[in-house]
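These numbers come from the heavy atoms of this one structure, side chains and all, not from hydrogens, waters or symmetry mates.
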Amino acid sequence: MIESNDSVRVVDVRSPAEFAHSRIPNSINVPVSQIHGRLGEFSTGPVVLVCAAGTRAAEASRLLSAAGIDTSVVLQGGIDAWAAHGGELERTASAPWAMERQVRLAAGTLVLIGLLLSLAYDPLKWIAGFIGAGLTFSALSNTCGMARVLSLMPWNRRCG
């Protein structure tokens with residue numbers, strides 16, 4: 001669809017940091033959190049929505065449909081599937097880490113700090129419990145509060 005129709009636009013709904021790291025050539029970045037404020041950009045022709053694996057792109061498609069815009073399709077499997085099937089990617093070596101990697105680092109660091117500090121003051125063990133509960137909720141709800149917080153950090157707000 002992308003190769004056969006010049007009017008098709010590829011919109012990547014990942015964070016600016018993820019987009020800066022790797023992207024489909026000629027795609028534009030509109031993070032899913034900004035869809036409502038940029039609806040006008042989606043009303044002119046077909047749009048292919050892309051994210052890492054397809055979840056956020058599906059969410060963006062639902063938001064567009066709810067706003068009466070039905071010109072979008074979701075790239076199934078996301079940018080990961082695109083690359084796995086030989087699709088070209090532009091990459092920036094100096095871009096921030098992918099959000100999933102940042103979440104793993106933050107969660108692991110908080111658990112380790114909570115565990116070490118609990119050796120001196122036992123109630124601090126609940127830091128690890130809180131992070132564990134958050135990760136469990138994240139998996140069950142298919143959302144990630146820590147990723148939302150990390151996306152607000154300066155290194156994740158710049159466009160690449």
Within the 3.5 Å criterion, strictly below it, is a donor on R23 or T92 matched to an acceptor on the partner's side chain? yes
Is the backbone N or O of V47 less than 3.5 Å from a side-chain atom of T71, with the two atoms forming a donor-acceptor pair by type? no
Spell out, as yes or no, whether a donor-acceptor pair under 3.5 Å connects the side chain of S15 to the backbone of S151. no
Is L105 reachable from L116 through a run of hydrophobic residues whose side-chain heavy atoms are each under 4.5 Å from the next? no
Residues, nucleotides or ligands: over 12 heavy atoms within 6.0 Å of E100 CD: no
Which distance, rounded to the nearest 0.5 Å, do you find between the CG of L39 and the CD of Q34? 12.0 Å
Do the side chains of L63 and I28 join up, straight or via other hydrophobic residues, at under 4.5 Å, putting them in one cluster? yes
Please report the interatomic distance SG(C51) to CZ(F19), rounded to the nearest 0.5 Å. 13.5 Å
Is any side-chain heavy atom of W155 less than 4.5 Å from a side-chain heavy atom of Q102? yes
Look at the side-chain heavy atoms of Ile, Leu, Val, Met, Phe, Trp and Tyr, link any pair under 4.5 Å apart, and say whether L117 and L110 land in one connected group. no
Heavy-atom distance under 4.5 Å between the side chains of I35 and E59, does that happen here? no
In one Ile/Leu/Val/Met/Phe/Trp/Tyr side-chain cluster, 4.5 Å: V73, I24: yes
Beyond-backbone contact of N26 with V10, side-chain heavy atoms, under 4.5 angstrom: no
Just do the side-chain contact (heavy atoms from CB on, under 4.5 Å) check on L150 and M99 with the steps written out, would you? CA-CA 8 Å; L150 287 169; M99 187 58 65; 3.8 Å; yes
When you measure from the side chain of S118 to the backbone of L115, do you find a donor-acceptor pair of N or O atoms at a distance under 3.5 Å? yes
So, N29 side chain and V13 main chain: donor-acceptor pair closer than 3.5 Å or not? no
Residues, nucleotides or ligands: over 12 heavy atoms within 6.0 Å of R38 CZ: yes
List the atom of S61, the atom of V74, and the distance in Å for their closest heavy-atom pair. CB-CG2, 3.7 Å
Can you confirm whether P31 sits close enough to P16 that some side-chain heavy atom of one is under 4.5 Å from a side-chain heavy atom of the other? yes
Tabulate below the donor-acceptor pairs under 3.5 Å that side-chain atoms of residues 120-137 make, not counting sequence neighbours, or state none.
residue: D122; atom: OD2; partner: K125; partner atom: NZ; Å: 3.3
residue: T136; atom: OG1; partner: G132; partner atom: O; Å: 2.9

Heavy-atom side-chain contact between R101 and V103 under 4.5 Å: no
CA sep, side-chain torsions, deciding dist, call: V11, V48, side-chain contact (heavy atoms from CB on, under 4.5 Å): CA-CA 6 Å; V11 177; V48 176; over 6 Å; no
Before you tell me yes or no, could you show the steps for S65 and D70 under side chain to side chain donor-acceptor pair (under 3.5 Å), namely the whole-Å CA-CA distance, both residues' side-chain angles and the distance that decides it to 0.1 Å? CA-CA 5 Å; S65 291; D70 293 318; 3.1 Å; yes
Do you reckon L49 sits in the same ILVMFWY cluster as V30, going by side-chain contacts under 4.5 Å, direct or chained? yes
Is a donor from one side chain sitting under 3.5 angstrom from an acceptor on the other, for W82 and E88? no
Minimum side-chain heavy-atom gap R56-E18 below 4.5 Å: yes
Using modelled atom types and a 3.5 Å cut-off, is there a donor and acceptor pairing between side-chain atoms of D12 and backbone atoms of S27? no
What heavy-atom pair brings R91 and S22 nearest, and what distance separates the two atoms? NH1-CB, 3.8 Å
